[in-house]
Amino acid sequence: MILSLHPINPEKRKLQQISDRLLEGKVYIFPTDTVYALVADSQSKTGVERLYELKNIPKNQPLSLVCPNISVASNYMESLPNEAFRLMKRVTPGPFTFIAKANKHLPRVSFSNQKEKQIGIRIPDSVYLQELMKLHPNPLTTTSVFANDEFIIEVDSLEEIYGNRVEGIVDGGIVDVELSTILDVTGDGVVVVREGKGAELL
């Protein structure tokens, strides 16, 4: 089912309904500031397991934790070097994934299969996700959407492939196939793991 939300001021009533369903273990597809992504509540075992099933990936493959801001993200990081904090403050919300050391507050349901206690954190510049997280009590667990090894860039194709398999698909129009820039902040500095969207800001 394709869901239409206002592109500047998404309707709170609709977002609250999505939040309620996420808490029940449902999965949605949202546009992000990079590609479309499968989204589940980070504390929902049912929802997170559904992400792996829908994407057909092994359960030890890492997912991302989506947070609304650095303050919330810091609740799940063991430490954040000053250089990394300054960079995160400068470029977020934005198309960056920060690989950080995780602390004991890491959502166990989402990351119980990870051998190393690290986490990929996203603070996306997406009005839909940012407004949803103002209502939703937990961070979100996400993974990008693709089929047949190709990213799906428009909502009609998403509906054709996933329409009966997810609770809803938020219409964000056609998105560019540009992945996030991945930055490793587990050490003393910042290491670029993958250059993607936003890399010119570094």
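What's counted below: heavy atoms across the whole structure, side chains too, no hydrogens, waters or symmetry copies. Each residue takes its place number in the sequence, starting with 1. From a predicted model like this one, the values you see are computed outputs, not experimental measurements.
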Value rounded to 0.5 Å, distance of [atom1] in [X] from [atom2] in [Y]:
{"X": "I18", "Y": "K14", "atom1": "CD1", "atom2": "NZ", "value": "9.0 Å"}
{"X": "E49", "Y": "K59", "atom1": "CD", "atom2": "NZ", "value": "4.0 Å"}
{"X": "L80", "Y": "M77", "atom1": "CG", "atom2": "CE", "value": "4.5 Å"}
{"X": "E167", "Y": "Y28", "atom1": "CD", "atom2": "OH", "value": "4.5 Å"}
{"X": "K134", "Y": "K12", "atom1": "NZ", "atom2": "NZ", "value": "7.5 Å"}
{"X": "K89", "Y": "L87", "atom1": "NZ", "atom2": "CG", "value": "12.5 Å"}

Examine [X] and [Y] and state if one hydrophobic cluster contains both, with Ile, Leu, Val, Met, Phe, Trp and Tyr joined whenever side-chain heavy atoms are less than 4.5 Å apart.
{"X": "M88", "Y": "L202", "answer": "yes"}
{"X": "L65", "Y": "F96", "answer": "yes"}
{"X": "I121", "Y": "V91", "answer": "yes"}
{"X": "I161", "Y": "V177", "answer": "yes"}
{"X": "Y52", "Y": "I152", "answer": "yes"}

Test your reading of the model: is there a side-chain donor-acceptor pair from [X] to the backbone of [Y], 3.5 Å cut-off?
{"X": "R122", "Y": "G94", "answer": "yes"}
{"X": "E154", "Y": "D156", "answer": "yes"}
{"X": "S19", "Y": "L15", "answer": "no"}
{"X": "N103", "Y": "N75", "answer": "yes"}
{"X": "K197", "Y": "D33", "answer": "yes"}
{"X": "E159", "Y": "I169", "answer": "no"}
{"X": "T181", "Y": "G196", "answer": "yes"}

Report task. Take E24 and D41, measure what side-chain contact (heavy atoms from CB on, under 4.5 Å) needs, and give me the verdict at the end. Result -> CA-CA 9 Å; E24 294 170 359; D41 178 85; over 6 Å; no

Requested in this report: Mind running side-chain hydrogen bond (donor to acceptor under 3.5 Å, both in side chains) on T186 and K101 for me, showing each step along the way?
Outcome: CA-CA 5 Å; T186 57; K101 290 181 181 178; over 6 Å; no

Check whether any side-chain heavy atom of [X] lies under 4.5 Å from a side-chain heavy atom of [Y], and answer yes or no.
{"X": "I182", "Y": "V192", "result": "no"}
{"X": "S180", "Y": "R194", "result": "yes"}
{"X": "Q130", "Y": "I123", "result": "yes"}
{"X": "L54", "Y": "V166", "result": "yes"}
{"X": "Y162", "Y": "I29", "result": "yes"}
{"X": "L51", "Y": "I57", "result": "no"}

Report task. Output, in order, the C-alpha distance, side-chain angles, deciding distance and verdict of side-chain contact (heavy atoms from CB on, under 4.5 Å) for L183 and T97. Result -> CA-CA 6 Å; L183 304 169; T97 300; over 6 Å; no

**Report entry** Y36/V155 under side-chain contact (heavy atoms from CB on, under 4.5 Å): CA gap, chis, key distance, verdict
**Finding:** CA-CA 9 Å; Y36 276 98; V155 74; 4.1 Å; yes

Exceeds 12 heavy-atom contacts within 6.0 angstrom, atom [atom1] of [X]:
{"X": "N69", "atom1": "CG", "result": "yes"}
{"X": "Q16", "atom1": "CD", "result": "yes"}
{"X": "E195", "atom1": "CD", "result": "no"}
{"X": "E200", "atom1": "CD", "result": "yes"}

Taking all atoms of both residues into account, what is the closest heavy-atom pair of [X] and [Y], and its distance?
{"X": "D188", "Y": "E83", "value": "O-OE1, 4.3 Å"}
{"X": "P124", "Y": "V66", "value": "CD-CG1, 3.6 Å"}
{"X": "P10", "Y": "E131", "value": "CD-CG, 3.9 Å"}
{"X": "S144", "Y": "V35", "value": "CB-CG2, 3.6 Å"}
{"X": "P81", "Y": "G187", "value": "CG-O, 2.9 Å"}
{"X": "S42", "Y": "P139", "value": "OG-O, 2.8 Å"}

Report task. Would you mind checking if E53 and R50 are paired as a salt bridge, meaning a charged N to carboxylate O distance below 4.0 Å? Result ->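 Between E53 and R50 there is a salt bridge, with a charged N closer than 4.0 Å to a carboxylate O.
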
Query raised in the report: So, do F30 and Y128 have ring centers that fall under 6.0 Å from each other?
Result: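 No, the ring of F30 stays outside the 6.0 Å limit from the ring of Y128, centre to centre.
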
Requested in this report: With L63 as reference, evaluate L140, V48, I119 under the side-chain contact (heavy atoms from CB on, under 4.5 Å) test and give the passing residue.
Outcome: V48

Requested in this report: Would you sort out whether L129 and T32 count as a side-chain contact (heavy atoms from CB on, under 4.5 Å), showing the intermediate values?
Outcome: CA-CA 7 Å; L129 289 172; T32 71; 3.9 Å; yes

